[in-house]
There are 2 protein chains.
Amino acid sequence: MKSGHAERDPVRWQEQVESVCAGQGLHLTPLRRRVLTILSESSAPLGAYAIIDQLSRLEGKPIAPPTVYRTLDFFLDHGFVYKIESRNAYAPCEHLGHAHHGVLLLCDKCGRSDEIEDMGLDRLLQATAARAGFAPHRQMVELVGLCRDCAA
Amino acid sequence: MKSGHAERDPVRWQEQVESVCAGQGLHLTPLRRRVLTILSESSAPLGAYAIIDQLSRLEGKPIAPPTVYRTLDFFLDHGFVYKIESRNAYAPCEHLGHAHHGVLLLCDKCGRSDEIEDMGLDRLLQATAARAGFAPHRQMVELVGLCRDCAA
DNA sequence: TCCCGTAAGGATATAACATAACAGCTGCTG
DNA sequence: CAGCAGCTGTTATGTTATATCCTTACGGGA
């Protein structure tokens, strides 16, 4: 029985990140690794303060916001994580390697986020922007609604 | 000489909102009217607290956040204003009447926001979502980059 | 007239999200 | 070993948004 969700494997995802880091000489420190685990094990995107809480519990001492925001910045910069602007939340990027400009499907009911790529859409967006004389360097496409599972 | 920007006429926009309100029996109170004016006269989208500041100056007394957030909610509910999620800012919706699901072009340099409609894009988004079994009821498409004027 | 319901706004407090600024540590490299 | 870069800790603060309760204004029906 297959779920409607992408069924990301947390372990596999983390291994991929590890291998990309190794390949690019990026430092995957213990702190970063822990945040990675927290993110990957969550079924839904997490807010920064949810990460702070979990991390504080893990470490047994309070972790201050800047620590987590810096870690998130590192992941965002390298495309391992994306930010969901309409929710102020962060989620593992399933398509490592590509610039992360997918379409986000955000379920109202279960809170999950799914990311899909669509070259046709990207081209159309680019063309639409170009027609307005606009040169985009970042795009956000977020759809809020009901996912397959929750609609059923 | 025509600007690259939509050159929205603040007065005209406000009149349109007035007429829609009249037509739908919506109450355009003095407070709402003042917020409308503040929004329409700004060249770039405003954050809620910028509105609070301006409104407080206009009224000669401090205005509390809930007052402005309620007013914004009213405008958002009726599609007079849209929220720019990636900036936490609010701007007049130039296409009254349509559900406001346009593409937002956000200039990094001058801070302005432009809204364009694209039926083709909407259809493609809808189709893409449907293929994933997703039923969207709200969409956000934001492109960040350089507008025509600033690129020149 | 009196009462009541509803919509709008005021006031206080607090929650939630994010960053500035500086200090310390570690490991590399000249 | 000196000096620098990268990472983390710490304190404080800035920014955005909501919960809660109270008051006012207005319209409709007993």
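Proteins get letters first, then strands, A, B, ... in listed order; numbering begins at 1 in each. Owing to the predicted nature of the structure, the values given are computational and were not obtained by experimental measurement. Heavy atoms only: backbone and side chains are in, while hydrogens, waters and symmetry mates are out.
Pairs engaging residues 22-74 of chain A under the ring-ring contact (aromatic ring centres under 6.0 Å, His included) rule: A:Phe74-A:His78 [sequence neighbours left out].
Rounding to whole angstrom units, CD1 of residue B:Ile63 and P of C:dA11 are separated by 8 Å. In this structure, A:Asn88 places its CG atom 10 Å from P of C:dT19, rounding to the nearest Å. Between the C1' atom of C:dG9 and the CZ atom of B:Phe75 lies a distance of 14 Å, rounded to the nearest Å. As rounded to whole Å, 13 Å separates atom C1' of C:dC17 from atom CG of A:Asp73. One can place OH of B:Tyr69 at 17 Å from P of C:dG10, the figure rounded to the nearest angstrom. One interatomic measurement links the two molecules: NE2 of A:His27 to P of C:dT26, which rounds to 15 Å at whole-angstrom precision. Taking atom CG of B:Leu26 as the reference point, atom C1' of C:dT6 lies 16 Å away to the nearest angstrom. When the P atom of C:dA16 is taken as reference, atom OH of B:Tyr49 falls 14 Å away, rounded to whole Å.
Nearest heavy-atom pair across A:Met140 and B:Ser86 is SD-CB, 3.5 Å. The shortest heavy-atom contact between B:Leu76 and B:Val81 is CD2-O, 3.3 Å. Counting all heavy atoms, side chain and backbone alike, B:Ser113 lies closest to B:Tyr82 at OG-OH, 3.0 Å. Looking at every heavy atom in both residues, B:Ile84 comes nearest to B:Pro45 through CD1-CG, 3.4 Å.
Among the heavy atoms of the strands lying under 4.0 Å from A:Thr67 is at least one base atom, whether or not backbone atoms are also near. B:Tyr90 comes within 4.0 angstrom of sugar-phosphate atoms only, judged by non-hydrogen atoms across all strands, and of no base.
Taking only side-chain atoms of B:Pro66, from C-beta outward, the nucleotide of C:dT12, C:dG9, C:dC17 with the closest atom is C:dT12.
Once you apply a 4.0 Å limit to the heavy atoms of chain A, the touched nucleotides of DNA chain D run 5' to 3' over D:dC7 to D:dT11.
Comment: B:Glu142 does not engage A:Arg138 in a salt bridge, judged by the lack of any side-chain N to carboxylate O separation of less than 4.0 angstrom. A salt bridge links B:Arg33 and B:Glu18; the closest N-O separation between the charged side-chain nitrogens and carboxylate oxygens is under 4.0 Å.
Nearer to the 5' terminus of DNA chain C, by closest-nucleotide assignment, is the contact made by B:Pro30 (compared with the other of B:Ala64 and B:Pro30).
One finds no side-chain N or O of A:Arg70 lying less than 4.0 angstrom from the OP1 or OP2 phosphate oxygen of C:dT19.
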